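A, B, ... follow the sequence lines: proteins, then strands. Residue 1 opens every chain. Computed from a prediction, not measured in an experiment: that's the story for all the values here.
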Number of protein chains: 2
Amino acid sequence: MATIRDVAKKAGVSVATVSRALNDKGYVHEDTRKLINKAIQELNYKPNEVARSLYKKKSRLIGLLLPDIRNPFFPELARGVEDTMQEHGFRLIIGNADENPAKELDYIHTFKQNNVIGLISATNQTETSYYESLGFPVVFLDRTSRQHPSVYADGLAGGKMAAQEIVKRGSKRITLLKGPMELKTAQDRFKGAIDELCHSNVNFNVMTTASFTFDDAEKTAQELFDKFPETDGVIAGNDLGAAAILHEALRRGISIPDELQIIGYDDIPLSSLLFPPLSTIRQPAYDMGKEAAKLLIAIINNELIEQKNIQLPVTFIDRQTTRKVEDNG
Amino acid sequence: MATIRDVAKKAGVSVATVSRALNDKGYVHEDTRKLINKAIQELNYKPNEVARSLYKKKSRLIGLLLPDIRNPFFPELARGVEDTMQEHGFRLIIGNADENPAKELDYIHTFKQNNVIGLISATNQTETSYYESLGFPVVFLDRTSRQHPSVYADGLAGGKMAAQEIVKRGSKRITLLKGPMELKTAQDRFKGAIDELCHSNVNFNVMTTASFTFDDAEKTAQELFDKFPETDGVIAGNDLGAAAILHEALRRGISIPDELQIIGYDDIPLSSLLFPPLSTIRQPAYDMGKEAAKLLIAIINNELIEQKNIQLPVTFIDRQTTRKVEDNG
DNA sequence: TTGAAAGCGCTACCAT
DNA sequence: ATGGTAGCGCTTTCAA
């Protein structure tokens with residue numbers, strides 16, 4: 001591996017000059033620059049980012065912490081972050097916290113020890129103390145926060161919307177699935193839904209799901225039909241949960257959406273691939289990632305931030321697990 | 001951030017002694033060690049990995065390069081790698097190459113510039129020259145290779161198995177979906193299937209899918225039913241593709257599995273959540289990730305490797321997009 | 001058993 | 001416009 005010394009020697013200049021040429025800082029004569037570039041070419045020289053980072057105490061690396069890489073919502077988020085970071089010359093290192101505080105802390109250390117220049121965290125932990133005095137800016141993604149900059153979708157509105165749409169379409173005995181307690185975003189959408197349901201003229205009951213994983217989704221689905229067989233409308237905590245409900249309903253020969261309506265949450269790519277395609281509340285995952293990246297970059301560049309908590313709107317995606325609305329006039 | 005100097009000062013010893021204590025190298029008196037540990041505690045000292053890495057030219061970081069983080073197969077792979085690496089004290093940095101050679105190369109540079117100690121690559125590019133003379137070991141995952149160590153599932157057997165099972169269950173006019181040309185693993189399973197089909201007594205035709213993405217899967221599904229309406233059995237290139245076929249078939253009112261049988265490939269978590277649940281050839285993604293991690297660690301530790309190309313078996317998962325087999329005697 | 005000092009590759013200050 | 005050099009935090013000889 002060629003070093004800056006090798007380049008300097010080959011170009012017949014000092015390392016200081018090479019460094020200046022490399023970073024476009026200070027004066028470098030045009031001819032000298034050409035000499036240097038030639039040497040760089042010939043040696044296939046790439047600056048050692050570790051040495052750079054050691055001196056500057058900042059790398060070009062951004063940490064991205066995901067709670068569960070297996071939930072399709074998060075890769076989508078990650079892509080939004082990645083694409084934006086790429087454009088701005090930052091590189092992403094992704095950590096998967098696995099809904100596990102110990103792993104989360106571990107990754108935060110790794111990020112810190114490797115001099116990341118900033119961190120985007122999409123984990124669910126309430127333990128915000130991990131993020132204090134890290135020495136680099138943090139943006140929370142898919143999570144609200146007062147103290148830290150954050151990007152999230154409007155969960156209250158989303159929950160309300162889900163309830164409105166399913167009621168409007170005629171469900172009378174609704175089961176509302178409540179996501180994990182510790183997940184603030186899940187609680188928001190739950191709260192939005194329950195508010196709306198309380199103000200409407202329908203019966204409903206509430207079931208709590210332990211987590212947003214495949215396994216728990218399947219368990220919850222089974223339980224739902226055993227406990228509340230008269231349900232004619234389900235508002236799920238996320239699309240994975242909705243997919244499991246849909247699956248179980250079809251298995252039991254329940255006709256969708258005639259006997260049972262289902263509304264999911266997230267609009268993960270899989271949702272349109274289900275049959276019938278899933279009606280859901282769409283969170284703009286990719287855009288959320290993009291916004292978080294832009295926000296972090298702005299902070300890194302010390303731009304003044306007009307809005308450090310960005311809330312993105314959600315939309316109802318009217319597919320085929322809900323009936324066509326009757327009134328339209 | 002406390003440095004090793006601070007610790008040394010506080011403990012009243014030299015930095016060299018602290019370093020020795022830190023790394024369990026050379027002699028350190030028990031009393032001195034206690035003093036040092038106390039200082040480390042009080043200062044909440046964490047060694048700077050960047051400085052370490054600069055000197056040793058090796059970090060504790062492992063690069064993992066994924067072709068497409070949105071395809072659920074890869075997060076599964078990643079989890080296998082991650083869990084094993086975690087156990088051994090290595091940290092993972094994940095890059096998403098997005099099926100894009102430029103991004104792939106870019107990540108390889110990032111890994112190199114950040115002194116990763118090893119790399120696991122699950123990308124599809126045939127461009128193996130990127131991986132020459134990197135200065136650290138590389139293990140290919142979900143990809144065969146002669147020159148480099150690799151871990152993959154038996155695609156030939158998988159394709160053959162898919163064909164056998166669907167023929168055994170009575171499909172007579174089969175459409176075989178062929179994955180992207182540049183994807184060696186896809187070609188293997190295709191080859192396995194077509195070999196078997198040629199030796200059997202059924203008609204079949206072949207359709208090529210552009211890529212293994214959600215969008216292309218949907219397009220291919222539409223096309224299939226337009227072009228080959230008489231198809232009574234589909235062997236898909238992967239589960240995403242199979243899900244799209246299933247979706248389109250149900251949309252057109254085709255009864256599954258009575259009129260049409262479908263076999264997928266991968267067994268991603270979503271497959272059992274579809275309705276009817278998808279019959280598929282299972283690749284042990286998590287285990288593949290684990291094996292790749294173990295192999296890389298062995299190479300890093302200079303252990304002698306008895307087997308540098310590890311092939312894992314695939315299995316047929318008999319769910320409900322295939323009929324029950326008739327003969328069983 | 002311990003410490004002084006060199007050096008990993010780079011940047012930035014200060015001379016020239 | 002260019003170069004010498006200190007120093008980022010750590011590990012590792014080598015000497016004591």
When all nucleic acid strands are considered with a 4.0 Å heavy-atom cut-off, which category describes B:S19: base, sugar-phosphate, or nothing?
base

A quick test of your reading: do over 12 heavy atoms of other residues, nucleotides or ligands sit less than 6.0 Å from NZ of B:K38?
no

Check every strand shown and say whether A:V28 touches a base, only sugar-phosphate, or nothing at a heavy-atom separation below 4.0 Å.
sugar-phosphate

So does A:T3 get a side-chain nitrogen or oxygen closer than 4.0 Å to the phosphate oxygens (OP1/OP2) of C:dG9?
no

So, does A:K57 get its side chain near the phosphate of C:dT11, meaning an N or O under 4.0 Å from OP1 or OP2?
no

At under 4.0 Å, does any side-chain N or O of A:K25 touch on OP1 or OP2 of C:dA12?
yes

Of A:M1 and A:Y55, the one whose closest DNA chain C nucleotide lies more 5'
A:M1

Would A:Y286 and A:D83 count as having a side-chain donor-acceptor pair, cut-off 3.5 Å?
yes

Taking only side-chain nitrogens and oxygens of A:T17, does any of them come within less than 4.0 Å of OP1 or OP2 of D:dG3?
yes

Interatomic distance where CG belongs to A:L35 and P belongs to D:dG3 [whole Å]:
11 Å

List in chain and number order the residues that pass ring pair (Phe, Tyr, Trp, His ring centres under 6.0 Å) with A:Y131, two or more places apart in sequence or in another chain; answer none if no residue qualifies.
A:F140

Send over the distance from A:E30 CD to D:dA1 P, rounded to a whole Å.
10 Å

Separation of D:dG4 atom P from A:I4 atom CD1, nearest Å, is 13 Å

Rounded to the nearest 0.5 Å, the CZ atom of A:R52 sits from the CG atom of B:N114 at a distance of 11.0 Å

Length of the line joining A:N115:CG and C:dC10:C1', which is rounded to integer Å
13 Å

Taking only N and O in the side chain of A:Y27, is any of them less than 4.0 Å away from OP1 or OP2 of C:dT16?
no

Tell me: CG of B:L54 to C1' of C:dC10, nearest whole Å?
8 Å

Nearest-Å distance for atom pair CG/P, residues B:D6 and D:dG9
9 Å

If the cut-off is 4.0 Å, is A:T32 near the phosphate of D:dT2, judged by side-chain N/O to OP1 or OP2?
yes

Can you tell me how far apart CG (A:N48) and CE (A:M1) are? Round to the nearest 0.5 Å.
7.0 Å

Please report, rounded to the nearest Å, how far the P atom of D:dC8 is from the CZ atom of B:R5.
7 Å

Looking at every heavy atom in both A:D68 and A:E99, which two are closest together, and how far apart are they?
CB-OE2, 4.1 Å

Are A:L65 and A:I120 packed together at the side-chain level, in the sense that at least one heavy-atom pair is separated by less than 4.5 angstrom?
no

Would you kindly check if the NZ (Lys) or CZ (Arg) of A:R60 is within the cone defined by 45 degrees around the ring axis of A:F90 and under 6.0 Å from the six-membered ring centre?
yes

Whole angstrom is fine here: how far is it from CD in A:E49 over to C1' in C:dC8?
16 Å

Comparing B:A51 with B:R20, nearest DNA chain D nucleotide closer to 5' gives the residue B:A51

Can a side chain N or O of A:N23 be found less than 4.0 Å away from OP1 or OP2 on C:dT11?
yes

Helix axis bend for the helix from C:dT1-D:dA16 to C:dT16-D:dA1 - C1'-based end axes, five pairs, 10° rounding
40°

